[in-house]
Every structure is written in C-alpha cells, then in structure tokens.
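Notes follow once the structure below has been shown.
Lettering follows sequence order; numbering is per chain, from 1.
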Amino acid sequence: MTTDASADASTEGAATLSARQLAHSRRRAAWTRGWARFRTNRAGLVGLVVLALFVLVALFAPLLADGSGLSVTRATGGVLEAPSWHYPLGTDDSGRSVLTLLIWGARISLFVGLMATLISMLIGTVVGLTSGYFGGVTGAVLFRFTEWFLVIPFLPLAIVLASVLGRSLVNIVIVIGVTSWAGTALLIRSQTLSIKERAYLERSRALGAGNAHLLRKHVLPNVVPLVFANTTLAVAVAILSETTLSFLGLGDPTRISWGSMLENAYSVGAITTGSWWFFVPPGVCVVLVVLCFTMVGQALEDVLNPKLQDR
Amino acid sequence: MSVVTTDPTGVAPGGERPARARRGARHGYATYAGGKVLGSLGSLMFMLVVNFFLFRILPGDPARTLGRGRLTSPEQLAEFNKTYGLDEPTGQQFLTYLTNLTHGDLGYSILYHRDVSGILLDRLWPTLLLVGTATVFAALIGVWIGIRAGWERGQRFDRLSTGTSLTLYSMPEWWLGLLLIATLSVGIGPMPGLFPTGGLHSVGSDPGSVSGVLDTSWHLALPVITLTLAYLADYALIMRGSLIDELGADYLTTARAKGLRDAAVRSRHAVPNALLPTTTVIALNFGFVIAGAITVETIFSIPGLGLLTTEALKVPDYWLLQGVFLLSSAAVIVANLLANLAYGALDPRVRT
Amino acid sequence: MSELLRIEGLSVTYRTEQGPVPAVRDVDLTVARGEVVGVAGESGCGKSTLASTVLRLQPASATVSGRVLFDDADVLTMRWGDLRALRWAGASIIFQGALHSLNAVRRVGQQIAEPIQLHEPGVGRSEVKRRVGELLEQVGLPAARAEAYPHQLSGGQRQRVMIAMALACRPALVVADEPTTALDVMVQAQVLDVLSGLVKDLGVGMLLISHDLSVLAAMSDRIAVMYGGRVIEQGPADQVFTDPLHPYSAALSASFPRVGDPGARYAPAGLAGDPPDPRHLLSGCSFEPRCPRAVKDCASAEPPLETKRPSRQAACIRVPA
C-alpha cells in the first residue's frame, strides 16, 4: 500500500500542530479552493462585482446625491422633465431628480431585501434544524406545518399582513421575512436528515457527545454552506417581494425605494405620458440586482455541490 | 420565483425487492391517490384555521368597521354580531365561521355592499381566462424551449434562451407589463398604440358575440403576453435543468445501443422522464401564479380577482380580503393535489 | 471472414481537463461465431471502454483509432444508417446495473419489444408480444412479467430481463459487460446458467467482460487479460486460469481459492500496490512496480504481446517462448 516513511513524517509534523490549528488550516484551504472554483464561474463573478457596485452606491448615497433632493417641498426641477445635463435621469412628478431618488432608493430596496432574508433564514434554519434533528412528534408536526405554510400563496398573505400591521419599514421587513421561511426550512430539514444518518455522528454520540455539541460541531458546519447559497437566492426573491409590495402601496410612505418610485410613476400616469426616465430606471435596477444575486447564488451552489456541475 | 423542489419519488436505489405481480399498478394508484386527497383535506383545514385567526387579530371592532355608515342602531349591531357570532367565545366563532362556509356565506363586502361569495363568483372567470391561457401558453412554449436548450447544452440556442429566461425571471412581471403598455399601447415615437391600455371589453361590446370575443381577446392580448413571458422563463429553466439531469443516465445509452435515432432517444426516453419533476413544479408554482394575476390585473384593469384584491386593500375591506385569501389558498391546494395525482399517474415508482 | 468480431490496434483516449487519458492502448482481439471470449482485469483497465466501442457507444470526448470489424465492416467508420441497423440486430450489449440501464417509467415488456419494433417494423403487435413472452421464458421468467416495471423486479430478475432484451433481435454477437457483478453469489450462479445455456442453444458469440476470473473460466472458450489498457495475455480459458503465463494473470488467478487444494491456502494471494494511473503511464511495462518477477529491463520498454506457446500469447519478457 502506501509507503511508510511519509506516514512517520506526518505523525511527527502533526504532533507540533494542535487540533485547532489543524482544523483552522484545513478550513482556510477549503475556502481558498472554494474561492478558486467560484472564480471560474464567469456569471457569478460578474454578478458579484455588479452587486458590490450597488452596495457601494447604497452605502455612499449621501456622498453621491444630495439628501435634500428627496424632499418634495424643496424640489427644484420642473414636473416630469426629460433627462438633461442638469438632471441626468430627468425629474419626477414633484420636480425631484430621478437619479437622486434612484441612488437613495437603493438603500431601502437592498436593506429590506437583506433584513427580511435574515429573518426568514433564521426562522427557516431553526425550524428546519429542529424538525430534522429532533425527529419524533415535534419533528413531524413542524414538518407538516412547514409544508402547509408553503401552500399559502405568498402575495395574498403578505397583502393581508401588511394591511393589518400598517405601513412602515419594519413592518414590511417582518411581513416578507415571516412569509418566506418555509422553503429554506424544508431544504435545511432534508440536509439535516441526511447528516444525522452519517456514521461520525453516531461515533460522536457513542463517545458521550450531547445534542448541543453535535449540533454545533457537526450538523451546523455541514448545513451552513447550503444555507449560504440558499440565502443569496432568497435575497433576490425578497427584493422582488419588496418591490411588488411597495408598488401595491404597502411600503413605508416616508421612504423611497425602487418599488415606491414605480408606484409613484404609475399613479401619476408616467406610463401614458411616456416619461420613461421615471419608470424604466428603477425597474432596470431591480432586474440587475435580482439577476446578480441569482447568478452569485447559482455559482455558490455549484461551488458547494460539485455534483451540480455543468448546469 | 420557484419553490424548493423536493424529490417526490424517494426511491431507494438497488436492493432486492420482491416482485409484485398483477395487483400492482391500479391498486397502488388508488391508495396513493387516496393518501394525497386526505393530505389535501388536512391542508384545507389548516388553511381555514389560518384564515379564521388571521382576521380575528385585526384591530378594532369588525362590526363597527363593517357597519360604517350602514349599521347604526345598537339593535342592528347586535343583529350583525349574532349572525357572524362576533360576541361569542372564539371557539364558538370558529364553528359559526365553518357553518357559514358550508352555506357558502363568506361574509359581507363593505365596498360593494353585496355578499362576498357573489362578488367572487362574478370576478372569477376573467381571472381564470387570463391565468389559464397564460399558463397553457407558458407551459407549452417554456417546456419546448427548455427541452431544446437542455439537449443542445452549451450551444447558441441554449446560451441565448437561458440568458433571456434568467432576465425575465428576475423581472417583476408587472414592470414588464408596464413596459409593454408604454410601447405597445401608448406607442413610442412614430409607432402608434396597437392595444388598449386596459379593461376587458370596449364600451358597448357584447361579450357573447363573435366581435365581442375578438374584442375581449384584443384586450387580453397584452396581459396574457405579460404573464406568459413571466411564467415561461421559470418553466424553461426548470425543464432545461431536469433534462440535463437525465442526460447522464444509463438507460439513454441502452436506448442508443438499440439503434434509436438521437431524436427518438430524446423524445421517447429522456423527455418523459425529465417531464416528471417539471410537471410537479409547474403545478406547485401555481401559488405564485396568483400573485402574478393580482399585479397584472391591477395594471391592466382587468376586472378579475386580482384587481378585486387591490381594490379591497385600499378600503380595507376585510371580509372581501378574507374571501379572496380563502379562494386563492384553496386554488393552490387543488393545484398541488392535481400535481401529485398527475405525478402518480406518470411515475410508477411512487405508487408501489 | 469466419471471424465475427475483429478488433485491430484499437486505442481509445479520453480528452479531459488534465490532458489526454489513454483508456485502451493498441488492443487486438477476435471473436469467432459461436465463441465465448472472456475479458478479465481490474477496474479501470479499459474493459468497459473496449466493450462500448463495439457498437460505437464511446463518449464524444473519446478519440478512437484502430479498427473494429464486425462481419468485415468497420464499426468505427461506417455510415450512421448502417451503424443503427447494426446496433442490436447484429450485436447487442448487456449492461451492468440493470436498474439504471432500464427506463424506470416503462414496462419491461415494452422495453424488450422496442428494438424488435425498430428493426423489424413489419412484425405485427401480437407477434411482437408473443416473441417478448418467448424471450422472457427463455431466461426463466414467466411471460406475464412483461407487465412489470423495473423497480418491481429483483436484481436477478432485472438482469435476466436485460439478457432477454439483448437477444430480442437475434444478434450474432452479445457483449456482456459485467453482467453479474451487482448480484449476490446465488443469483449470480443462476444468471450465468441462463447465459451459458442460451449461448449454447442459440450459437451466439459472446464477449464476456468481468473482473471475476472464475466466472470467465467457467463460461469462456478463450480469455484475454487486460492491464493498464493493454491485453497482456490471451489463450484458451482453462489454460489461462490453471496455468497463467503473465505474472499478473497468475496473481489474478491465485486470488480465487481452489476448493480441495490444501496447498493453495498457503500460497500468497493478492497484490500489493495500486492499478496503474492512466494519466501517468510508465515508459516500461506498466505492471513492473507490482511485479514479483520484475527485473531491470522490465522498466525500459513495454513488452509486446507475443506468442509464447501454441495459441497462447503473453506480454512479458520473463516468459520464455
């Protein structure tokens, strides 16, 4: 079989490295490999770069566009003016620069998308892990509940909740988060189930490991990569949801988001007057961001699950 | 956007399994179908509970809200409360709710001053027409695109169609509708508008007559195109994915070894197997189809259930919203059941 | 002309991301009508690749050179139409792992009938049904089994369905790629019985591939042993098994215990080392690193396959002619 000389050397070397250092260096090696693989996926790379741009624009909004430009009372432009040198994307129905609105709108659209996904991920992971790991009655009940929740059509439920809770930023985040967790829960549950059966978990248990230890050291690290890929795709859906809900008039009336811009455009009849600068750019931004999140998410899935190659 | 696809077959690979003779197929399906129907009934019960409690957490007194401007005297209020059991303990209210449901009583709309069930019935057929037509077109075209893209993976058609599908998939379908209105209804530059900007019928048109049908179709053209484009992207991507999954399978090599033409291998072996997960997902996505109907009907002013939802939202008319919610949930449950039944009919492995 | 199958100088190389990987290197093999030729070797030695070329089923990423003559027509270069006519009607394949080689959503009877309907379109529906029933009975299954789906059958039954399917168009040659590997021993014996019975009764030629030398010894007329993509020994089956020439064949044969021979229990069994990595082939004999009889010259040049005894060939410089 393998020669013995090298085996001796590795045991010698291993004695100087502690278990933690070994785990650490292995994890770093896995990261580097994963990143190298990710880099080969051109679509994912492009998506990542464009997303980074959007995030930067959102973060540095105050520097890029004057915040006073959002105020309706202090608007300086004419009503629905076509793009010009002074207003690169024209003005809206109150005379505000559409470009300014677009830049500041990025903040809310991205913020809601990310925050809502955080909530849905948390709920979904907890439910999925519990249902998958602790079987029995709890697990079965949670599973049925998750399946039934999936059956509820998203938009009617979101509409009802939003109208009940009222229009605010926090509420919109809650509504989207609370209605989108079921898919993640199912995914994590099935992954947890497959991990639970693995031999090393049994051995660990035989050595006296308790549930907390098993969950933390064995189950979670194997589930997290999957959650990560799923999260990226979930953010895409969340952003689309926020845009739709805002368009339907359920968003925060005091904030500008791409969805609220479109709602505004629609209600003032920008479509029929052909004021394309008002209703095209926000939509384009949504499409770009969602597309990028989707591509990055697919690239992540490819990196983390090599069986799905060549899709 | 699509739902997580869980593998419905769950077939354990390999292993010796005792052969099952005559009783096999038919008997197995009956049991399978029975199980699925029972599951759907369970979902329906859960739905009713959710529906009930969702609206009981509303702030304010429903009777007073509902009775705005109509029920003023305490006797009228008491009468209203008695009919809908709003002054009874919650458990009793639920039973009243269920009893009312079996009579078809879904409450009273303050917006239209009619029974909710009547309104829902009236608004049902435009939505069915719109969503039904779009789903059929999207399924046919999307599946065809997906098959071709998957079979010719990596080539020009695949790259083009997948890129377009991904972009359409990332687009809010109502925004696509707005773009279509702006270009095809309003007209850009020298090109005039070709389609109406909204509504289901022109004024004075008789929907029953031939010209009326044409008129309705003309009005429905843009909404149907919008929804078709939105759905077909999803179906194309899923069909492509499942076909690619099948491509590596051994039984396709066997088929080739028998001397079948490439096209026959694809259509007789690969596609039927690949269609299995696709049909499931098409039906499961019905829940999101309803969302699409809501927004598209709103922007095109099609008087269906979707527009009804947004109209009810503005008031807000809780009884109406509750009714729509119940109907759309029931539709999703039925769609899921049909998907499961269809899958059971197509894939013999799940029946045994 | 009397040879049914003649493989000449066949080489198959796969194009991969890490570069070209030779799976089969310069193989010569013949199968006469009604003859059973066994191909033995470890996994990765190229046997399955060899089998796939008989009907030109190798993957598109493979580069092939050499000739595969079936009835004097080169399978590798013949026209597409001729190839499709040849497939199944001239030669058919029995694949390993019948569960995945059969279409899960079609009844087995339909799948057996498919090549008949394809190659003999004139045959009526009832006649096809009759023939399917007949084929099933030939392999020891009741005709009613035609209505079953693959997952409703046991492993052994599925493999028998594969055999019935392979014989549907009455081919002259059957390539059996590890037909019994996925089965347990009892079932294995049954299936082999069926196979050998049919071969004798129908006079079908067979190219039988297996890593199990004892199976080959029982069923074949001649055996070819492959190692590292090349044939390293060829000869009559019983002689190769009981009196192997090449050190590898000797090791392969020795790993099968012989009942009733006490001396065999003390003979060293098994081989140290791993099969050769086709991506990093050695310049000399590919067996040299593991060979108990290797000398210095072995590593310098690849030994050619030469006739060492009447009708026996071996590729080893340590075997005297």
message: Test of understanding: with side-chain hydrogen bond (donor to acceptor under 3.5 Å, both in side chains), list the residues that count as partners of C/T30, not counting sequence neighbours.
response: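 Checked C/T30 against side-chain hydrogen bond (donor to acceptor under 3.5 Å, both in side chains); matches are C/R222.
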
- request: Evaluate the side chain to side chain contact (heavy atoms under 4.5 Å, CB included) criterion for residues B/Y251 and C/N103: first the C-alpha distance (whole Å), next the side-chain angles of each, then the deciding distance (0.1 Å), finally the verdict.
  value: CA-CA 6 Å; B/Y251 68 87; C/N103 191 337; 4.1 Å; yes

query: Residues in side-chain contact (heavy atoms from CB on, under 4.5 Å) with C/V204, at least two apart?
result: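 Counting only residues at least two positions away or on another chain, C/V204 forms a side-chain contact (heavy atoms from CB on, under 4.5 Å) with C/L167, C/V174, C/L202.
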
query: At a heavy-atom separation under 4.5 Å, does C/R56 approach chain B through its side chain, its backbone, both, or neither?
result: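 Neither part.
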
field: Part of C/S101 lying under 4.5 Å from any heavy atom of chain B
entry: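 Both parts, backbone and side chain.
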
query: Do other residues, nucleotides or ligands put more than 12 heavy atoms under 6.0 Å from the CZ atom of C/R106?
result: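 For C/R106, atom CZ is crowded (more than 12 foreign heavy atoms under 6.0 Å).
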
More than 12 heavy atoms of other groups within 6.0 Å of C/Y14 OH: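 Buried by this count: over 12 neighbours within 6.0 Å.
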
query: Between C/A104 and B/P348, what is the shortest heavy-atom contact and its length?
result: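 Residues C/A104 and B/P348, closest heavy atoms: O-CG, 3.7 Å.
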
message: Taking 4.5 Å as the heavy-atom cut-off, does anything in residues 110-129 of chain C contact chain B, and if so which residues?
response: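 C/Q111, C/E114, C/P115, C/L118, C/H119, listed by number.
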
- request: Kindly indicate whether the side chain of C/V105, heavy atoms from C-beta on, has any atom under 4.5 Å from the side chain of B/L276.
  value: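 C/V105 reaches B/L276 side chain to side chain.
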
field: Proximity of residues 253-269 of chain B to chain C, residues having a non-hydrogen atom under 4.5 angstrom
entry: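 Within residues 253-269 of chain B, the residues that come under 4.5 Å of chain C (heavy atoms only) are B/T253, B/T254, B/R256, B/A257, B/K258, B/G259, B/L260, B/R261, B/R268, B/H269.
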
